[in-house]
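So that the names make sense, note that chain A is the first sequence line, chain B the second, and so on, each numbered from 1. Quantities reported herein were computed from a predicted structural model and do not represent experimental measurements.
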Protein chains: 2
Amino acid sequence: MKAEPVKNEDEPKDKRLKGGDAQKLTMAEVAKYVGVSAMTVSRAFRQDASVSEETRKRIMEAVDALGYVLDLSAGSLSSRRSGFIAALVPSINNSNFSDTARGITDALENTGLQLLLGYTDYSAEKEEKLIEAMLRRRPEGIILTGGSHTDRARRMLDKAGIPVVETWELPEEPINHVVGFSNSEAMSLLVRTLAGQGYRKFGYIGGTTARDTRGSQRRSGFLKTVEELGLGPGRAISFGVPPITMEQGGQAIVSLLERWPDTEVVLCVSDLSAFGAIMECKRRGMSVPGDIAIAGFGDYEISSICHPSITTINVDCYGIGRQAAARLLDALQGSGEATGDEITLTGYRVVLRGSTDRGAS
Amino acid sequence: MKAEPVKNEDEPKDKRLKGGDAQKLTMAEVAKYVGVSAMTVSRAFRQDASVSEETRKRIMEAVDALGYVLDLSAGSLSSRRSGFIAALVPSINNSNFSDTARGITDALENTGLQLLLGYTDYSAEKEEKLIEAMLRRRPEGIILTGGSHTDRARRMLDKAGIPVVETWELPEEPINHVVGFSNSEAMSLLVRTLAGQGYRKFGYIGGTTARDTRGSQRRSGFLKTVEELGLGPGRAISFGVPPITMEQGGQAIVSLLERWPDTEVVLCVSDLSAFGAIMECKRRGMSVPGDIAIAGFGDYEISSICHPSITTINVDCYGIGRQAAARLLDALQGSGEATGDEITLTGYRVVLRGSTDRGAS
DNA sequence: GGGCAAAGTGGTATCGATAACAATAAGGGA
DNA sequence: TCCCTTATTGTTATCGATACCACTTTGCCC
């Protein structure tokens with residue numbers, strides 16, 4: 001089925017070939033054209049290799065004239081370097097993670113490394129499958145989100161013998177490098193800050209916890225801290241499969257207020273749900289923060305723009321990506337030396353805004 | 001610098017290798033372990049190949065026991081099929097495009113094809129570079145955003161001899177397949193719809209047009225239609241480099257209203273800028289849609305949730321991705337037959353919401 | 001029962017580049 | 001002037017899988 005028809009090669013058969021040129025141009029042909037060896041052409045493509053400037057120029061002209069494009073899949077086989085870095089994020093449709101992806105991409109620019117991106121949909125099983133799919137491409141390093149993986153995934157990673165960076169969390173048993181922060185402590189800080197402003201009756205909105213480990217860490221940070229502050233048991237609602245949407249945030253706050261009508265402030269697992277919650281409250285004639293204060297997590301663009309603007313935790317999403325990639329690059333440079341701490345803490349900070357402003361109406 | 005130290009291989013040197021197993025496990029070794037030929041192992045990994053069920057089972061057990069992971073870079077060299085599909089989007093941090101990316105990913109699931117994703121940052125030069133980088137991996141097909149490419153990019157694509165799908169627009173000179181819609185007509189429809197509601201003085205907010213071709217098409221659709229309806233020259237503001245942010249949307253509407261204070265309705269190049277514009281108006285004490293109506297483009301999640309909800313054009317972003325991938329798969333199946341139209345139109349529709357509701361305060 | 005098709009398996013060449021080493025030319029110091 | 005180092009280029013083997021062809025075995029049809 002895949003085989004070329006043996007005869008009549010003249011027949012076009014695929015109109016895409018209008019560009020002509022059977023396109024099976026190889027390095028050897030470029031070499032012949034220039035009158036050098038294939039090896040020299042190969043060298044011309046790398047900056048470190050020693051080729052006379054004049055030869056390189058002639059080769060590059062030929063490359064241009066013939067329209068030759070280097071074939072990295074062949075190259076990586078013999079050099080045993082794929083030039084790939086794999087990265088898995090829960091979802092690319094979440095701007096926090098797409099910022100991280102962009103950070104990785106930017107950090108990889110001009111390194112000759114290419115990003116292989118995958119989406120796990122917050123599922124460890126899907127992550128396992130993706131890890132296998134990625135490893136089949138023999139990436140030189142891999143960046144994961146979170147520290148919760150299946151056993152088989154851990155085994156595969158271990159066996160692959162490549163540097164691994166876990167991000168966005170502080171796993172209890174890191175595989176290798178970590179670039180992240182404690183979601184639990186970040187949420188705890190937010191609770192304490194708001195408690196410091198006088199709030200006493202705390203509610204929490206998040207997704208069902210099974211899949212989203214960061215979400216469940218935020219929740220437990222919330223519950224623990226409310227308890228510690230002597231503010232009674234936290235009032236937590238689980239609503240929907242992560243990632244919880246704006247709309248679900250709106251639905252969740254309705255449930256929460258039905259159950260605990262006197263709640264003063266509601267913390268949400270993300271800004272998106274917080275925004276949905278705020279809009280739903282306004283739709284129902286409640287004033288935010290007048291009747292109820294609401295805060296989010298993640299400092300999405302929307303939170304500084306909307307009205308009221310949303311109190312949140314700012315996380316350096318982009319920086320997480322950049323630093324994760326940088327860690328990987330360090331490991332690949334293979335100074336071989338201890339690279340110092342294997343855990344890189346990334347910053348976060350409380351951003352107080354209108355949605356929890358006690359002075360406001 | 002890259003060279004391995006010749007001696008003392010015993011020294012660990014890279015602590016990642018704690019997992020042991022020099023990890024240079026090859027198919028031949030699996031074969032030896034099972035007592036079959038490498039060829040048979042290779043067949044066991046493919047569903048179509050003929051291997052007895054019993055042999056396959058034994059092989060797979062060995063694969064599991066040894067922790068072998070297939071090496072596709074080697075495989076693709078000999079099979080001359082990379083298993084890659086390349087896709088370039090302007091930005092992954094824009095949910096419209098990340099939806100498209102997800103559509104592609106979903107459509108590719110279980111096809112054995114893997115997505116290579118790149119970001120062009122709305123730059124044709126960067127696109128050209130990325131196209132070259134992608135072609136070095138010998139993708140079996142490529143999906144582009146828009147129809148505006150450098151000459152060299154077109155030449156490379158032509159020469160590559162692989163199916164190309166341009167998306168999100170209707171290029172005047174398509175390279176090959178197209179999956180998209182007319183941004184100009186979509187915007188035109190929105191103008192006509194709002195004119196039908198009685199609006200007369202139309203404003204427009206977009207980015208500087210040089211880079212974002214879809215944006216400039218929307219703008220020209222706007223200007224043309226306002227003119228056609230006899231509503232005088234359109235009042236268009238260019239503000240900032242695409243993609244224009246929420247904040248820039250807010251700044252832009254200020255400029256616009258300064259210059260043309262009696263504007264009745266403002267159309268924005270995207271929902272994000274529309275949202276920013278609305279928030280800025282509210283901040284300045286203007287009522288939307290009471291004092292001014294505002295509409296967006298793209299139907300982002302936020303637009304149905306926020307208050308007022310935003311009138312917009314709903315585009316099937318996810319579907320564009322799915323269909324683009326489907327087109328590519330068709331072409332790869334290589335029925336060789338004419339695949340019918342090479343242009344697939346995707347739907348869009350006006351979604352009227354609160355932000356242009358004449359009845360509202 | 002002979003022959004023939006189909007299924008299952010193995011052997012060898014090969015994909016297109018790069019690593020490693022060899023070879024040659026050019027330059028520099030004693 | 002001669003040897004040695006450096007710069008440049010060529011030759012050959014190889015990376016790890018798959019294509020292709022050959023071969024054996026089994027089963028079935030007339």
Just list the side-chain donor-acceptor pairs under 3.5 Å for residues 62-73 of chain B, sequence neighbours left out, or say none.
from, atom 1, to, atom 2, distance (Å)
D71(B), OD1, S73(B), N, 2.9
D71(B), OD1, S73(B), OG, 2.6
D71(B), OD1, A74(B), N, 3.2

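Within the structure, every side-chain polar atom (N or O) of S37(B) is placed at least 4.0 Å from both OP1 and OP2 of dG11(C). A close approach under 4.0 Å does not occur between any side-chain nitrogen or oxygen of R56(A) and OP1 or OP2 of dA7(D). For S52(A), a side-chain nitrogen or oxygen approaches OP1 or OP2 of dT9(D) to under 4.0 Å.
Between the S82(A) side chain and the R138(A) main chain, a donor and an acceptor come within less than 3.5 Å of each other.
Rounded to an integer number of Å, the gap from E53(B) CD to dA7(C) P is 14 Å. dG8(C) atom P lies 16 Å from atom NZ of K57(B), rounded to whole Å. A straight line from CD of E54(A) to P of dA25(C) spans 17 Å, rounded to a whole angstrom. For the pair F45(B) CZ and dT9(C) P, the computed distance is 16 Å after rounding to whole Å.
Counting non-hydrogen atoms under 4.0 angstrom, R46(A) reaches the backbone sugars and phosphates but no base. Within the nucleic acid shown, V41(B) has no heavy atom closer than 4.0 Å to any nucleic acid atom.
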How does protein reach along nucleotides 12-17 of chain D, written 5' to 3' as B (base within reach of a heavy atom under 4.0 Å), S (only sugar-phosphate), or - (no contact)? ---BBB
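Of the candidates E128(A), E127(A), E125(A), E128(A) is the only one forming a salt bridge (charged side-chain N to carboxylate O under 4.0 Å, His left out) with R152(A).
R327(B) has a carboxylate O that lies under 4.0 Å from a charged side-chain N of D330(B), or vice versa, which qualifies the two as a salt bridge. We find that R155(A) and D158(A) are not joined by a salt bridge, their nearest charged nitrogen and carboxylate oxygen being 4.0 Å or further apart.
Annotation: ring pair (Phe, Tyr, Trp, His ring centres under 6.0 Å) contacts involving residues 109-148 of chain B, sequence neighbours excluded, are absent.
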